[in-house]
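First comes the structure, then the notes that go with it.
Just so you know, these numbers use all the heavy atoms, side chains as well, and skip hydrogens, waters and symmetry mates.
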Amino acid sequence: MAVIGLGIEAIAARPRDIQQLLNTKQCQQCNLSEANLQEAELDGAALIGANLQNSDLRGAKLRGADLSSANLIGANLAGADLRDTKLHSTTLRQANLSNSDLSWSDMYRAFLEGANLDQANLNNANLNNARLEGATFCGATMPDGSEGPC
């Protein structure tokens with residue numbers, strides 16, 4: 001455990017939680033912060049309430065996964081497959097979702113402030129009551145099929 005500015009503790013992912021996720025695709029409330037999960041095969045995974053803050057999920061396959069109430073602050077999900085994913089009340093502040101596929105995903109009440117959604121596919125995604133302040137959508141396919149502003 002490392003201590004960083006102002007006495008805030010930064011706790012890195014627990015190896016047993018990473019192994020549990022990769023073996024079972026079940027890891028609710030797990031600590032996976034700062035985990036390297038690039039290209040991980042996690043379709044249908046149950047990650048409800050998991051801590052994935054600052055994790056590397058570039059190119060991960062999370063189709064149909066449940067990430068409701070998960071912490072993905074600062075996570076890198078560039079190029080990830082998030083089709084039909086449940087992201088209810090998920091915190092994605094400052095997350096990189098560029099070039100990711102979020103089509104048909106349910107992001108009801110998601111926190112996307114400052115997130116990078118450039119070139120993302122949001123076709124038919126549910127963004128009802130999502131917090132989008134400061135999020136970028138340059139070249140993204142928006143839920144209604146239109147192109148996001150640059």
Side-chain angles (χ1 to χ4, degrees), residues 4-5 8 10-13 17-18 20-150:
I4 56 176
I8 300 170
I11 302 171
D17 285 351
I18 294 172
Q20 176 184 334
L21 173 62
L22 296 175
N23 290 342
T24 69
K25 294 187 183 179
Q26 302 289 316
C27 207
Q28 298 180 35
Q29 306 292 324
C30 286
N31 179 11
L32 301 164
S33 62
E34 300 179 12
N36 181 354
L37 296 165
Q38 278 188 62
E39 306 288 331
E41 298 282 342
L42 300 170
D43 288 341
L47 289 158
I48 300 164
N51 179 7
L52 289 146
Q53 185 169 347
N54 296 318
S55 291
D56 188 348
L57 291 151
R58 287 177 288 169
K61 286 145 187 72
L62 289 152
R63 186 176 188 172
D66 192 344
L67 290 150
S68 296
S69 300
N71 173 3
L72 286 148
I73 294 171
N76 190 347
L77 292 136
D81 182 355
L82 295 155
R83 290 175 287 168
D84 199 33
T85 300
K86 191 172 182 181
L87 297 156
H88 286 194
S89 301
T90 301
T91 305
L92 291 149
R93 289 183 181 107
Q94 305 298 320
N96 181 2
L97 293 150
S98 61
N99 296 299
S100 62
D101 190 346
L102 289 149
S103 56
W104 296 96
S105 288
D106 191 351
M107 293 181 275
Y108 177 73
R109 288 192 174 174
F111 299 91
L112 291 153
E113 296 97 335
N116 176 354
L117 291 137
D118 295 347
Q119 304 297 321
N121 181 1
L122 296 159
N123 195 37
N124 291 304
N126 176 10
L127 289 168
N128 289 334
N129 296 321
R131 303 287 306 261
L132 303 171
E133 295 84 1
T136 61
F137 297 91
C138 184
T141 301
M142 301 305 287
D144 64 1
S146 65
E147 185 173 317
C150 291

Quiz prompt | Step-by-step side chain to side chain contact (heavy atoms under 4.5 Å, CB included) determination, L22 to L37 | solution = CA-CA 9 Å; L22 296 175; L37 296 165; 4.3 Å; yes
[X] (side chain) donor-acceptor with [Y] (main chain) under 3.5 angstrom:
| X | Y | value |
| --- | --- | --- |
| D118 | C138 | yes |
| D43 | R63 | yes |
| D17 | N31 | yes |
| Q26 | Q20 | no |
| S105 | T85 | yes |
| S100 | L77 | no |

Closest approach of [X] to [Y] (non-hydrogen atoms, all atoms of both residues):
| X | Y | answer |
| --- | --- | --- |
| G139 | C150 | N-SG, 3.7 Å |
| C27 | A50 | O-CB, 3.8 Å |
| L102 | A125 | O-CB, 3.6 Å |
| L21 | A45 | CD1-CB, 4.3 Å |

Would you give the length of the straight line joining atom [atom1] of [X] to atom [atom2] of [Y], rounded to the nearest 0.5 angstrom?
| X | Y | atom1 | atom2 | result |
| --- | --- | --- | --- | --- |
| L47 | D66 | CG | CG | 8.5 Å |
| L52 | N76 | CG | CG | 12.5 Å |
| L57 | D81 | CG | CG | 12.5 Å |
| S89 | R131 | OG | CZ | 12.0 Å |
| I73 | S55 | CD1 | OG | 11.5 Å |
| L82 | K61 | CG | NZ | 11.0 Å |

Is [Y] close to [X] at the side-chain level, that is, under 4.5 Å between some pair of heavy atoms?
| X | Y | value |
| --- | --- | --- |
| S98 | Q119 | no |
| P143 | L127 | yes |
| H88 | D106 | yes |

Q: Indicate whether any N or O donor in one side chain lies under 3.5 Å from an N or O acceptor in the other, for N71 and Q53.
A: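 Yes, side-chain donor-acceptor contact under 3.5 Å.
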Check: So, Q38 versus D56: side-chain donor-acceptor pair below 3.5 Å or not?
Finding: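 Indeed, the side chains of Q38 and D56 share at least one donor-acceptor pair under 3.5 Å.
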Only one of [options] forms a side-chain contact (heavy atoms from CB on, under 4.5 Å) with [X], so which one is it?
| X | options | answer |
| --- | --- | --- |
| L112 | M107, R93, Q94 | M107 |
| F111 | L72, T91, L92 | T91 |
| T141 | N124, N121, D101, L122 | N121 |

